[in-house]
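One structure is given below, encoded as structure tokens.
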Amino acid sequence: MKGIRILSIITLLLAIASFNLNAQCKAFAKNECLPKLSPYTHDGNYHSAVLVEGEEAELYKTFYSDMEYRVAIMGEGKLPNVEFRVLDDNKNVIYSNKDNNYAKTWDFRLEASKQLKLVVKVLNNSKPGDTPASGCVAIMFGFKLKK
Amino acid sequence: MSKKYSFGTGLIAVLLICTVLFSGCGSGGGEKKSKSTETEKATVKDNTQAVQDVKQAEKIFQALPSPLESAMLIKSAGGKFDKKYLNPVENQNKYTTNNSQALNLGIYTCDLSFASLYDQTQLIINYMNAAKKMANGLGIMDAIQQSTIDRLEENINNTQVILDIVSETFLNSNSYLSDNDQPAIATTVLVGGWIEGLYIATQLVDLNEFNGNKLVGRIIDQKLSIQILLDLLEKNKEVPNIQGLVIQMSKLKAVFDKINISAKPIRTEIDKSTNTTILRSEVTTDMSQAIFKELRDVTSEIRNSFVQ
């Protein structure tokens, strides 16, 4: 009986923690990341994940030749810098924000439509024995018609 | 779309914790206990692997064009507005299941975006209300509030404000579904919007002006997204409705597979005046009218099954 009770409490706590983390990520994405897209129009999609220092996430998306794009990738304040690289389908790195002082946004346009892969990594600044920081990382896209 | 620490992950974690908790409770003899411990270790290892797999999968995002982006692509390619290709708002009362409401939330959002880009003021209000009804049916009560409709009416002649409102309502819907661990529904909404965009685009192509038609080019580009869409569906394949979508989308992929796209490597240039990177590459594509017609027919068949 005691085991079942403990299990129920753990289940409840995990569900609450999950909901809180999700809500926290949503608020972060809307309040911090979304404004960085201006003057581009946000596409309405929502991508976020809780990452620990040193962890990576990947995103695949098709970008079209008639559009100009801005990608905004941001980590919560307690996280170290977030590095992101953009790769083509031959795994060539075509952009890295590491070369731009870990810029949070990148503006680009394409001559021909392409599927690109974004690799997002939270840098690891923790020392051995430290608990690595974790927090929400949001990825959002804005677009406008090519002039 | 999906996130770490989702409820599904939580359940697996609970199972893992449960396994660990009960692994210390055995009271049998030495050999039996040893055998039992080995089994339990294997279970913990399996569960740990499962948790790692889930965590890894949740850190891979497949991003489909949103309904707003699909509509924007049609307009930018010179597509003309034609109301007859939209799903009539009168159909909204037919959608009573979660699956049909999710599909038609995507469809109506695409139609709303399309109407917004062409300044169809009355249609904008009608389609926003239809999208609201679908969202409410899915329990997303705050995605489109009355204040949103009021703001829309106040700014009905300001296209940029309308696009921002459409984007915001779509963000509210899909973030709600993510927060409440309903990735299958969120995926279904995206599929609905993507198919509607493809349907409108294929219907608007004039076969007498096929060669060099910019809209045909944008339709070919959707070949780049069909695998992303199937990967997205694959993540939720245990859901019966998703299995049906996988069959339909696989049929569509089979047609897209007949289109040839060959591309040269990307060269990058910086436009210093705008600090924009230009990705230059040469792409050649090949789609015959016969393949186009097949694509149009399959798309139409799928779309009509969604709106019926």
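Note on naming: letters A, B, ... go to the chains in the order of the sequence lines (proteins, then strands), and numbering restarts at 1 for each one. No hydrogens, no waters, no symmetry mates; every other heavy atom, side chains included, goes into these values.
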Under 4.5 Å, heavy atom to heavy atom, which residues of residues 63-74 of chain A contact chain B?
-> A/Y64, A/S65, A/D66, A/M67, A/Y69
Measuring from A/Q115:CD to B/K223:NZ, what's the distance to the nearest 0.5 Å?
-> 12.0 Å
Identify which of A/K144, A/R109, A/K117 forms the greatest number of heavy-atom pairs closer than 4.5 Å to chain B.
-> A/R109
CG (A/L34) and CG (B/L171) are apart, to the nearest 0.5 Å, by 6.5 Å
Mind jotting down which residue pairs meet the salt bridge (charged side-chain N to carboxylate O under 4.0 Å, His left out) criterion with at least one end in residues 94-104 of chain A? Sequence neighbours excluded, please.
-> none
Measure across B/S167 and A/H42 and return the closest heavy-atom pair with its distance rounded to 0.1 Å.
-> OG-O, 2.9 Å
Between B/T268 and A/I94, what is the shortest heavy-atom contact and its length?
-> CG2-O, 3.7 Å
Rounded to the nearest 0.5 Å, how far does CG of B/L177 lie from OH of A/Y46?
-> 11.5 Å
Mind listing the closest non-hydrogen atom pair of B/A263 and A/K114 along with its distance?
-> CB-NZ, 3.1 Å
Considering all heavy atoms of both residues, which atom of B/V283 and which atom of A/A112 are nearest to each other, and what is their separation?
-> CG2-CB, 3.3 Å
Examine whether an atom of A/L118 lies under 4.5 Å from a heavy atom of chain B, and if so say whether it belongs to the side chain, the backbone or both; otherwise answer neither.
-> neither
Heavy-atom pair with the smallest gap, counting every atom of B/F61 and A/S48 | CZ-O, 3.6 Å
Shortest non-hydrogen pair, B/R218 vs A/S113, comes out as NH2-OG, 3.9 Å
Reported CD1-to-CD distance for the pair B/I60 and A/E56, which is rounded to 0.5 angstrom | 10.5 Å
When B/S113, B/P265, B/S76, B/P67 are compared by non-hydrogen pairs under 4.5 Å with chain A, the top option = B/S76
Residue that, paired with B/E69, satisfies side-chain contact (heavy atoms from CB on, under 4.5 Å) out of A/N45, A/D43, A/T62 = A/D43
